Structure formats: C-alpha cells, structure tokens
Amino acid sequence: MSTDSGTQKVGRPRAKPQTSSDLAPRDQILGAAAALFAEHGYAGTTTRAIAERVGIRQASLYYYFAGKDEILLELLEISVRPSLSFVAPLLAEPDRPAALYALALIDVETLLATPHNVGVLYLSHEVQQPRFDTFRAHRDELASAYKRLVDGLVDDAAFIGACCMQLVEMVITLRRDAEPDASTAPAIATACLRLLGLPEGEVARGAAAGERLLAALAD
C-alpha cells in the first residue's frame with residue numbers, strides 16, 4: 001500500500017513489506033533502521049550502523065533523513081498513516097458495526113505490514129519525548145475514532161473504544177512470537193464487534209459489510 005500523500009490512491013497495506021532489493025534508498029534506510037531498532041533498541045542503534053546495514057556512507061544517509069529521530073518518527077507514522085486515511089469516511093458511514101470492523105481490519109493489516117514490528121517501540125521511553133508528539137497525536141486520533149464508532153452502541157464508549165484499540169494492537173505482541181497468518185486481521189476485527197454485545201448473526205453481517213465497505217474505499 002502506498003502511504004504517500006498527493007495524487008496516489010490510498011489502498012490497503014501489503015501483507016508483507018517489499019524486500020530491500022525492490023526498495024528505493026530511502027525505504028532501504030527505513031527497513032535497516034527498523035531491523036536495528038528491533039535488535040538493539042533505539043538507544044543502541046547509531047546512524048553509522050544503519051548506513052552500514054544499507055551499504056551506504058553515513059553522509060549519504062543524511063541526504064534522506066536529518067538523523068535518527070526523523071527515521072524513527074517516519075517508521076512510527078508508517079504504522080498509523082494508512083489507518084488514519086480511512087478514518088474520515090468510516091466516521092461518516094451510518095452502519096457503525098461495519099465501519100468499526102473496517103477500521104479494525106485496516107489497522108491490524110497496517111501493523112502487520114510495518115517493517116520489523118516497529119509497534120514494539122510504542123511504549124519506549126524515547127517515543128514519549130516531545131519530538132515524537134506528532135505521532136502520539138495521530139495515535140490519539142485513531143483512539144478517538146474507535147470511541148466515536150462505538151458511541152451510542154454501548155454504555156461506556158470510552159472503555160469499549162479503548163478495548164477495541166487494545167485488541168488491534170495485540171497483533172504487535174503476536175508478531176513478537178511468530179508472524180500471524182491471514183486469519184489474524186479478520187479474527188481481531190470480528191472480536192471488536194463482539195465487544196459491542198451483538199448477536200452472532202449481526203456480528204457476521206457487520207463483518208461482511210465491513211469487508212465490502214473497506215474494499216470500496218480502497219478502490
């Protein structure tokens with residue numbers, strides 16, 4: 001899925017990132033950095049190590065990124081940007097169960113497509129610093145979307161909305177043990193519908209409608 005703004009159409013994320021040989025230098029840097037952050041942590045990774053992993057000079061890395069903070073910020077944004085692109089149309093959708101399923105599905109697929117499971121860094125000390133405020137604001141925007149989609153369907157929208165987001169982000173933990181299969185995203189999205197206390201028939205209807213809705217928005 002393209003995450004660039006502009007004239008390119010937003011679609012659903014790839015199940016797996018492309019291999020480095022398919023990528024432009026900027027994306028190779030992001031992939032190498034994600035791998036090193038996963039292996040050694042943010043503090044234990046240097047721009048020199050990232051450049052060496054890509055096979056470029058350290059000075060060449062600075063042509064694409066101002067430094068390590070900018071690389072991490074972009075990786076974090078990649079983990080929320082595709083989902084955010086669907087928020088406005090889904091909030092306008094009158095079929096709230098279908099919209100909730102669609103948001104949860106695209107959100108899980110986005111997290112599955114992020115290189116080297118970068119979501120594990122969400123709660124790291126560095127990401128809580130002001131220089132990553134924009135990412136945290138975007139993640140808060142997603143949290144607000146879940147709350148708004150369940151508002152009126154449950155008694156405590158704030159709690160159930162937060163539970164939906166926690167269910168979605170559970171895929172980050174799952175990826176630490178083994179790469180989830182194709183059934184993971186729809187299973188988590190369906191679990192979000194069950195949090196609404198819907199009958200199983202309505203859960204199935206909402207899931208099917210959500211799949212159609214997301215496909216239409218991605219075209």
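It should be emphasised that the depicted structure is a prediction, and the values quoted were computed from it without experimental measurement. All residue numbers in this chain count up from 1 along the given sequence. Computed over heavy atoms, backbone and side chain alike; hydrogens, waters and symmetry mates excluded.
Side chains of D95 and L213 form no contact here, defined as non-hydrogen atoms less than 4.5 Å apart. The shortest side-chain heavy-atom distance between L75 and T114 does not fall under the 4.5 Å cut-off. No side-chain heavy atom of Y42 sits less than 4.5 Å from a side-chain heavy atom of S124. At least one side-chain heavy atom of L196 sits under 4.5 Å from a side-chain heavy atom of L100. Considering only heavy atoms from C-beta on, L90 comes within 4.5 Å of L217 through its side chain. Looking at I29 and I56, their side chains come closer than 4.5 Å, going by heavy atoms from C-beta outward. Looking at heavy atoms from C-beta onward, V154 lies out of side-chain contact with F159 at the 4.5 angstrom threshold.
Note that CZ of R139 and CG of L84 are 11.5 Å apart. Values are rounded to the nearest 0.5 Å. Remark: K147 NZ to D156 CG distance equals 9.0 Å, nearest 0.5 Å. The structure places CE of M165 at 10.5 Å from OG of S144, a figure rounded to the nearest 0.5 Å. Taken from CD1 in I71 to CZ in R26, the straight-line distance is 9.5 Å, to the nearest 0.5 Å. For the atom pair CD of E74 and CZ of F135, the computed distance is 12.0 Å after rounding to the nearest 0.5 Å. Within the model, atoms CD1 of I188 and OH of Y101 stand 11.0 Å from one another, a figure rounded to the nearest 0.5 Å.
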Review point. Side chain to side chain contact (heavy atoms under 4.5 Å, CB included) between V203 and T190: does it pass, once the steps are laid out?
Key: CA-CA 7 Å; V203 168; T190 300; 3.6 Å; yes
Exercise for review: Might you work through the side chain to side chain contact (heavy atoms under 4.5 Å, CB included) test for V118 and I78, ending with a clear yes or no?
Suggested key: CA-CA 9 Å; V118 75; I78 287 170; over 6 Å; no
Exercise for review: Would you please test V54 and L61 for side chain to side chain contact (heavy atoms under 4.5 Å, CB included) and show each step?
Suggested key: CA-CA 9 Å; V54 177; L61 181 148; over 6 Å; no
Exercise for review: Just do the salt bridge (Lys or Arg N to Asp or Glu O under 4.0 Å) check on E126 and K68 with the steps written out, would you?
Suggested key: CA-CA 11 Å; E126 291 83 7; K68 196 168 64 167; over 6 Å; no
Practice item. Take L195 and V150, measure what side chain to side chain contact (heavy atoms under 4.5 Å, CB included) needs, and give me the verdict at the end. Key: CA-CA 10 Å; L195 283 174; V150 303; over 6 Å; no
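In this structure, R148 contributes its side chain and G161 its backbone to no donor-acceptor pair below 3.5 Å. Of the possible donor and acceptor atoms, none in the side chain of E211 sits under 3.5 Å from a partner among the backbone N and O of A207. Using modelled atom types, one side-chain atom of Q128 and one backbone atom of Y122 make a donor-acceptor pair closer than 3.5 Å. Remark: side-chain polar atoms of T45 are paired, donor with acceptor, to backbone N or O of L36 under 3.5 angstrom. Within the 3.5 Å criterion, the main-chain N or O of L73 finds no donor-acceptor partner in the side chain of R131. Between the side chain of R48 and the main chain of Q58, no donor-acceptor pair closer than 3.5 Å is present. For R136 (side chain) and V127 (main-chain N/O), a donor-acceptor pair under 3.5 Å exists by modelled atom type.
Residue-environment remark: CG (D155) stays at or below the threshold of 12 foreign heavy atoms within 6.0 Å. At most 12 heavy atoms of other shown residues, nucleotides or ligands fall within 6.0 angstrom of atom OH in Y63.
A side-chain contact (heavy atoms from CB on, under 4.5 Å) with V108 is found for exactly one of L111, I106, L112, namely L112.
Heavy atoms only, all atoms of each residue included: A145 and L91 are closest at O-CD2, 3.9 Å.
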